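In this chain, numbering begins with 1 at the start of the sequence shown. Computation of the quantities below employed the complete heavy-atom set of this structure, encompassing side-chain atoms and omitting hydrogens, waters and symmetry-equivalent molecules. Remember, it's 1-based here, ligands and their atoms both numbered in the order they're listed. Since we're looking at a predicted model, the values are computed, not measured.
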Amino acid sequence: MALSDFLTELDALLGEAPAAFGAAGDAAALEAARVQFVGAKSGRLKAVQKGLAAVDKADRPAAGKRFNEVKQAIESAHQAAVERLASASRPAAAARCADPTVPGDCRRLGRLHPITQTIEELKEIMGRLGFSVADGPEIEDQWYNFEALNIPADHPARNPLENFYLELGDGGRGTGDGNHGTAVELPSQHTQQYPAPRPHPPAPSFLLRSQTSTVQIRAMERMRPPVRIISCGRVYRPDTADATHFPMFHQMEGLLVDRGVTMADLKSTLRLFARSAFADDVHIRFRPSFFPFTEPSVEVDMSWADGWIEMGGAGMVDPNVLQAVGYDPEEYSGFAFGLGIERICARRHGIADIRELFKNDVRFLQQF
Ligand code: FA5
């Protein structure tokens with residue numbers, strides 16, 4: 001066969017095959033065209049290939065080269081047609097992805113509870129005043145909640161009606177007879193964190209701590225002065241819930257012990273704190289009061305245009321407390337305070353009733 005005849009057949013295929021693939025309107029038509037032109041057994045390209053052997057020997061390399069070029073071009077045209085039909089079959093999906101008017105899936109972002117936010121802010125403020133953060137367990141024994149805080153056994157603050165006492169097993173510590181029996185252990189995280197440095201007097205039972213002042217004792221047991229800590233956490237009292245009370249609430253305890261600490265240090269620290277937490281329009285006053293673990297003691301009130309609010313208690317650490325943790329009261333003095341975090345949070349955000357903070361109403365909580 002003459003080379004020119006062979007090339008003419010190839011050119012004819014190169015004209016027809018891509019046109020047939022391009023004209024195919026669906027997958028079935030495209031497949032029929034594919035079989036017709038490039039089918040392995042009876043396709044026209046195959047037939048032309050067979051003619052290659054009949055081309056004059058001297059012309060065969062040129063004929064083979066051209067055959068390969070045409071074959072490749074036809075296969076590319078087929079692949080292009082496959083892709084065209086595939087994308088044409090997805091128009092609805094493509095349009096939906098790109099349609100900017102369709103409302104998106106709105107994911108609700110969680111946020112920190114306003115009490116948690118307040119605690120973080122308080123820690124930051126007190127951190128700037130040089131106080132580090134200490135922590136303590138919510139289940140306490142009577143040593144930390146009362147005795148070491150100079151609250152003797154017959155003190156009304158220990159009344160079962162004023163506290164949430166716990167019956168943890170029957171290890172003998174709930175009998176009140178001073179018999180330790182098999183000691184009921186505090187959760188290990190607490191004992192590991194706060195190894196008791198010396199034996200405690202009989203502690204007949206456990207309770208949910210009623211104040212964060214417990215952490216004063218734990219901190220002083222672990223450190224030597226100077227001590228400068230705050231501790232924020234939950235406390236529990238069987239109080240009737242109202243706009244300013246809840247049976248579970250949070251306190252921020254502060255403690256500073258060093259040589260030569262005075263009441264003036266306490267007052268200026270709390271003034272600085274109030275200014276940072278509430279801006280300049282807050283007024284603060286200290287009313288004489290009594291706490292067994294401070295002497296003298298004060299109530300700390302703060303006021304805005306609408307009147308005074310009791311925010312906490314404070315005072316100079318009682319020498320008996322310093323002695324209970326092995327500090328020499330002749331050498332060291334200190335101040336302590338305990339503020340109600342719900343009341344701080346409520347005032348910062350204009351919340352009229354702290355019970356709102358515990359209803360878990362997302363519409364309320366997502367305002368903060
Ligand atoms: C005490 O708890 C002392 N431990 C404070 C203290 C610490 C005094 C260190 C001296 C030295 P008081 O019981 O007053 O004090 O409580 C302190 C604050 O906690 C109150 O002023 C109030 O802001 C808040 N508070 C008390 N009871 C509740 C309650 N049921 N619900 C919400 N907040 C409360």
Side-chain angles (χ1 to χ4, degrees), residues 114-115 118-119 122 126 131 134 136 140 144-146 148-151 155-159 161-164 207-220 227 229-257 261 263 265-267 269-270 273-274 277-278 284-303 308-322 333-348 351-358:
I115 290 289
T118 304
I119 288 174
L122 299 184
M126 295 308 293
F131 287 76
E140 277 293 11
Y144 288 110
N145 205 81
F146 298 126
L149 287 165
N150 201 31
I151 304 174
H155 195 280
R158 295 173 72 150
N159 187 331
L161 297 176
E162 304 290 329
N163 295 283
F164 288 112
L207 73 164
L208 296 177
R209 68 179 176 188
S210 61
Q211 50 186 347
T212 46
S213 299
T214 52
V215 187
Q216 288 183 34
I217 304 303
R218 292 184 175 277
M220 288 190 284
V227 175
I229 57 109
I230 57 157
S231 184
C232 299
R234 294 188 194 94
V235 301
Y236 303 83
R237 295 179 192 175
D239 288 349
T240 304
D242 62 22
T244 52
H245 292 83
F246 208 72
M248 185 283 299
F249 59 102
H250 297 73
Q251 288 186 330
M252 176 174 77
E253 193 78 10
L255 174 71
L256 189 149
V257 182
V261 178
M263 194 81 182
D265 298 314
L266 168 64
K267 292 172 84 172
T269 300
L270 286 174
F273 165 77
F278 299 108
I284 183 165
R285 77 179 177 197
F286 302 91
R287 276 183 294 124
S289 185
F290 173 78
F291 295 100
F293 36 95
T294 47
E295 179 59 35
S297 304
V298 289
E299 299 283 358
V300 183
D301 300 339
M302 295 184 195
S303 89
W308 291 96
I309 301 174
E310 183 202 306
M311 285 292 187
M316 300 305 293
V317 181
D318 192 288
N320 288 343
V321 174
L322 296 175
S333 57
F335 68 69
F337 58 85
L339 305 176
I341 292 178
E342 276 70 13
R343 296 187 191 178
I344 295 173
C345 174
R347 176 44 68 167
R348 280 167 65 92
I351 298 167
D353 188 327
I354 67 166
R355 285 172 291 192
E356 295 296 335
L357 292 165
F358 303 110

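- Using a 4.0 Å heavy-atom cutoff, H250 is absent from the residues neighbouring ligand 1.
- The closest approach between S213 and ligand 1 falls below 4.0 Å for a heavy atom of the residue.
- With ligand atoms numbered from 1 in the order given, ligand 1 contributes 5 (C), 6 (C), 7 (C), 8 (C), 10 (C) to contacts under 4.0 Å with heavy atoms of G313.
- Listed by number with element, the atoms of ligand 1 under 4.0 Å from a non-hydrogen atom of Q216 are 9 (C).
- With a 4.0 Å heavy-atom cut-off, ligand 1 is reached by the side chain of R237 but not by its N, CA, C or O.
- Ligand 1 lies less than 4.0 angstrom from a heavy atom belonging to F293.
- Taking only nitrogen or oxygen atoms, main chain and side chain alike, E253 does not reach within less than 3.5 Å of ligand 1.
- Contacts with ligand 1 closer than 4.0 Å are made by heavy atoms of both the backbone and the side chain of H245.
- Of all the atoms in ligand 1, the ones that sit under 4.0 Å from a non-hydrogen atom of T244 are 31 (N), 32 (C), 33 (N).
- Backbone and side-chain nitrogen or oxygen atoms of F337 are examined, and none is located within less than 3.5 angstrom of a nitrogen or oxygen of ligand 1.
- Both tests pass for R218 against the ring of Y144: distance under 6.0 Å to the centre and angle within 45° of the axis.
- Ligand 1 is approached by E310 to a heavy-atom distance shorter than 4.0 Å.
- No heavy atom of V235 sits closer than 4.0 Å to any atom of ligand 1.
- One N or O on the side chain of S333 and one on the backbone of V261 form a donor-acceptor pair closer than 3.5 Å.
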